[in-house]
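Note on naming: letters A, B, ... go to the chains in the order of the sequence lines (proteins, then strands), and numbering restarts at 1 for each one. In this text the structure is predicted, and so the values were computed from the model without any measurement. Any value given below was found using the heavy atoms of this structure, including those in side chains, with hydrogens, waters and symmetry copies removed.
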There are 2 protein chains.
Amino acid sequence: MPRAATTLDPFNAIAEPKRREVLDALAKASAAGNPEVPVNDLVNLLQWPQPQVSKHLAVLREVGIVAVRRRGRERLYSIDGEGLKSIHDWTAMFDRFWTHNLDRIKRHAEAAARAAASGPAPLPVHPLLNIPSPRSPRTPEH
Amino acid sequence: MPRAATTLDPFNAIAEPKRREVLDALAKASAAGNPEVPVNDLVNLLQWPQPQVSKHLAVLREVGIVAVRRRGRERLYSIDGEGLKSIHDWTAMFDRFWTHNLDRIKRHAEAAARAAASGPAPLPVHPLLNIPSPRSPRTPEH
DNA sequence: TTGACATATTCCCATTACGGCATATATTAA
DNA sequence: TTAATATATGCCGTAATGGGAATATGTCAA
């Protein structure tokens, strides 16, 4: 089974760096007062071939990150926040792994100081992980 | 040029759904008091073949989402928040696209009511986009 | 109708990922 | 040393990508 399709979900859609550039451009235009941007404006902004822009927009639209509206022969694209919100929400579940970093680094420094007072310690693999942890049971909960 | 490498950045790494499952399992273990989890525990938790677990962990480690420490013949994996924080921060730049949804929907409803008072309007493509926007200049800022 | 304009779609290709299976490496135990 | 345990790595086949170029589709203008 190969890699998941880029149109599977917003996570796969924004994995492509160029697609994030498209979203950045749309956000900038929105901040400048143009929440809806025709494809040609994006082509001029990004300086990419038009088919490339259209293809990336199609992927973003399929996963619900952008929305489209027709105006004459143009198609106006805009950001639909719901798609990105799902990613924001998922990553938010891990915020304690970076919010409490200062505390953890401080505790690590204290532990290192205590270890240095008694004897030379083996060099830590990662500062954030040098917290002595109780041996986990071989068969955890599930 | 094919798709970007999964080890290019955290965005590509978490695009794979199974990799997000691994992170969820690590987060759950951490919440249960085991911030560091041996590979075998993850194998038992997820019920996947061991090589598959190791490979996914390798990708997550390469982009800095997880960290490893050796303890005897085991390798203890833990979440390194910095990698996920970069994603959280990027999506946060778009928070106004979902935070102000209520305002936008309300304004849209008012606009629709005004339009209905004068005559039948073309059915909206997307409720959030039905805000009448000034025609954007053909050559925007950049 | 014909042409210009705006955008989407199709085809081709080189590259890469994922899963399965087998095997290599490293560490502890006997 | 040899065996057992814990984990990583290599190889394979299948599937899908993103870019380029050409072309199709749809809309407005003359």
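A:Arg19 comes within 4.0 angstrom of the backbone, heavy atoms only, and of no base. Here A:Pro51 lies in heavy-atom contact (under 4.0 Å) with a base. Residue contacts for B:Ala58: at a heavy-atom cut-off of 4.0 Å it reaches no nucleic acid atom on any strand shown. Contacts of A:Lys18 with the nucleic acid, taken as non-hydrogen atoms under 4.0 Å apart, involve only primed sugar atoms and P, OP1 or OP2.
For A:Ser54 and A:Gln50, the side-chain atoms include at least one donor-acceptor pair closer than 3.5 Å.
Taking the side chain as every heavy atom from C-beta outward, B:Arg3 and A:Asn12 approach each other to under 4.5 Å.
Residue side chain A:Lys55 reaches the base of C:dT10 through a donor-acceptor N/O pair under 3.5 Å, judged by distance alone. Donor-acceptor pairing under 3.5 Å, judged by distance alone, is present between the side chain of B:Gln50 and the base of D:dA8. The base of D:dT7 is not paired with the side chain of B:Arg75 by any donor and acceptor separated by under 3.5 Å.
Close to C:dA8, at under 4.0 Å from its OP1 or OP2, lies a side-chain N or O of A:Tyr77.
Rounded to an integer number of Å, the gap from A:Asn40 CG to C:dA4 P is 17 Å.
The distance from the CD1 atom of A:Ile79 to the CZ atom of B:Phe97 is 3.5 Å, given to the nearest 0.5 Å.
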Handout entry: Criterion salt bridge (charged side-chain N to carboxylate O under 4.0 Å, His left out) on B:Asp9 and A:Arg20, from CA distance to verdict
Key = CA-CA 13 Å; B:Asp9 52 41; A:Arg20 295 202 295 277; 3.3 Å; yes

